[in-house]
Novice: 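What follows is a single structure, and I will ask about it in a moment.
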Amino acid sequence: MEDKEKPVIEVKNLVKSFAGRRILNGVDLQIYKGEVMVIMGGSGCGKSTLLRHIIGILRPDEGQVLIEGQDINAVPQRELDKIRRRIGMLFQSGGLIDYMNIRNNIALPLREHTNLDESVIDIIVNLKLSMVSMRGMGSLLPCEISGGMNKRAALARAIALDPVFVFYDEPTAGLDPVVAGVIDQLILDFSKKLAVTSVVVTHDMQSVFRIASRIAMLHKGEIVTVGTREEIKNSKDELVQQFINGKPEGPISFLQKGDNYLKELTEK
Amino acid sequence: MDILIEKKDDMIICRVSGEITFSTSPDLRKKLIEAVDQGVKKVVINLKNVGYIDSSGMATLVELLQKVKSAEGDLKLAETPEKIKEILDMVRLKDIFDFEDSEEKAITSF
């Protein structure tokens with residue numbers, strides 16, 4: 001179902017700094033219809049920042065994000081709203097509204113963006129709950145369910161309007177392996193059966209190799225490699241091998257260097 | 001989306017073509033619910049020419065099925081394309097609907 005002719009999402013030379021620290025350093029990425037693009041990389045490498053630029057929450061210092069050829073930072077607000085309606089986003093924290101029960105959280109985008117009868121909305125909510133294996137839990141508040149269930153409920157809300165693009169920030173983090181497998185299968189089903197284009201930011205290597213059509217590795221604000229599962233598995237790149245095999249030693253260093261260590265330790 | 005409804009006694013045959021989506025499903029719902037409210041107990045929906053169905057379309061079919069069954073009637077889906085069956089299967093709706101290969105079979109299956 002993938003159309004390799006023209007990317008539906010294009011990131012061009014994206015640059016972003018926060019407080020003088022460069023987080024994205026000229027990111028280029030093309031994503032095609034119906035594919036599951038996984039963006040992986042160490043903590044703090046800019047993955048979530050990149051995702052937030054693609055959905056238009058953050059504006060870049062330089063560069064462009066094109067969705068179906070439209071520069072999302074240059075289109076009028078009305079056009080941007082139209083694009084956003086076709087996007088579903090699963091935030092790392094879930095992001096459910098805590099005073100609303102799960103049913104109303106999922107129904108919210110349907111009530112805001114459609115003219116559907118309330119009886120139809122009720123059934124859609126039940127269908128979405130069923131998709132994330134949470135049938136019968138609609139009346140509970142977010143604080144009454146586990147973190148994993150919060151994430152699944154947030155996914156149900158993200159797909160309420162049947163988006164054609166779904167962005168996932170750590171979709172399987174905090175989930176038990178079986179539920180993680182269910183979420184992965186959903187991502188694959190959306191891609192294969194509905195030609196949904198997915199962008200998944202994750203550290204979960206098992207999930208990466210289960211769902212990815214292609215994998216992009218982000219390191220120090222740059223895409224260092226893009227390839228299929230096989231290409232990434234067989235990559236000779238030390239950085240890629242260190243990351244996918246979780247080796248503490250390698251080019252990705254967690255040891256902070258510097259001559260001021262004693263001074264930092266004794267600072268108040 | 002186009003909807004053609006043929007009425008035969010207490011049965012309607014509804015032929016849908018195009019895409020059943022958030023913007024088109026309310027029209028389908030209105031026409032079918034109206035028919036059921038007027039006493040129709042046997043509903044055949046021919047999906048042969050439907051290229052896509054979204055959640056609102058699926059919810060509309062579920063609501064109608066429930067409504068017809070409550071009135072001691074039944075609903076059959078005829079000539080449903082494989083692609084549509086796959087979409088219905090994602091939310092396990094293949095288990096709750098009766099599918100018939102042809103409109104004729106659906107009509108005689110009540």
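Note on naming: letters A, B, ... go to the chains in the order of the sequence lines (proteins, then strands), and numbering restarts at 1 for each one.
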Novice: Please round to the nearest 0.5 Å and tell me the distance separating atom OG of B/S56 and atom CG of A/D162.
Specialist: 7.5 Å
Novice: Can you establish whether the number of heavy atoms outside B/D95 located under 6.0 Å from its atom CG is more than 12?
Specialist: yes
Novice: With a 4.5 angstrom heavy-atom cut-off, which part of A/D189 approaches chain B: side chain, backbone, both or neither?
Specialist: both
Novice: Examine whether an atom of A/L116 lies under 4.5 Å from a heavy atom of chain B, and if so say whether it belongs to the side chain, the backbone or both; otherwise answer neither.
Specialist: side chain
Novice: At a heavy-atom distance under 4.5 Å, which candidate from A/T114, A/L127, A/N126 has the highest pair count against chain B?
Specialist: A/L127
Novice: In terms of heavy-atom contacts, does CD of A/E118 have more than 12 from other residues, nucleotides or ligands at under 6.0 Å?
Specialist: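 Yes, the 6.0 Å shell around CD holds more than 12 heavy atoms from other groups.
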Novice: Restricting to non-hydrogen atoms, name the atom on B/K83 and the atom on A/K193 that form the minimum distance, rounded to 0.1 Å.
Specialist: NZ-O, 3.7 Å
Novice: Does atom CZ of B/R92 have more than 12 heavy-atom neighbours from other groups under 6.0 Å away?
Specialist: no
Novice: Please classify the contact of B/S23 with chain A as side chain, backbone, both or neither, using a heavy-atom distance under 4.5 Å.
Specialist: neither
Novice: Just to verify, which of A/I159, A/I124, A/V120, A/L161 counts as forming a side chain to side chain contact (heavy atoms under 4.5 Å, CB included) with B/S55?
Specialist: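 That would be A/I124; it is the only one of A/I159, A/I124, A/V120, A/L161 passing the side chain to side chain contact (heavy atoms under 4.5 Å, CB included) with B/S55.
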Novice: Could you list which of residues 26-35 of chain B have a heavy atom closer than 4.5 Å to any heavy atom of chain A, in residue-number order?
Specialist: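 Within residues 26-35 of chain B, the residues under 4.5 Å from chain A are B/P26, B/R29.
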Novice: Is it true that, when you exclude A/Q206 itself, more than 12 heavy atoms of the residues, nucleotides or ligands shown sit nearer than 6.0 Å to its CD?
Specialist: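 Not more than 12 within 6.0 Å, no.
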Novice: What distance separates A/L194 CG from B/I53 CD1, expressed to the nearest 0.5 Å?
Specialist: 11.5 Å
Novice: With a 4.5 angstrom heavy-atom cut-off, which part of A/I121 approaches chain B: side chain, backbone, both or neither?
Specialist: neither
Novice: Quick check: are there more than 12 heavy atoms from other residues, nucleotides or ligands sitting under 6.0 Å from CG of A/N115?
Specialist: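 No, because the 6.0 Å sphere around CG of A/N115 holds 12 heavy atoms or fewer from other groups.
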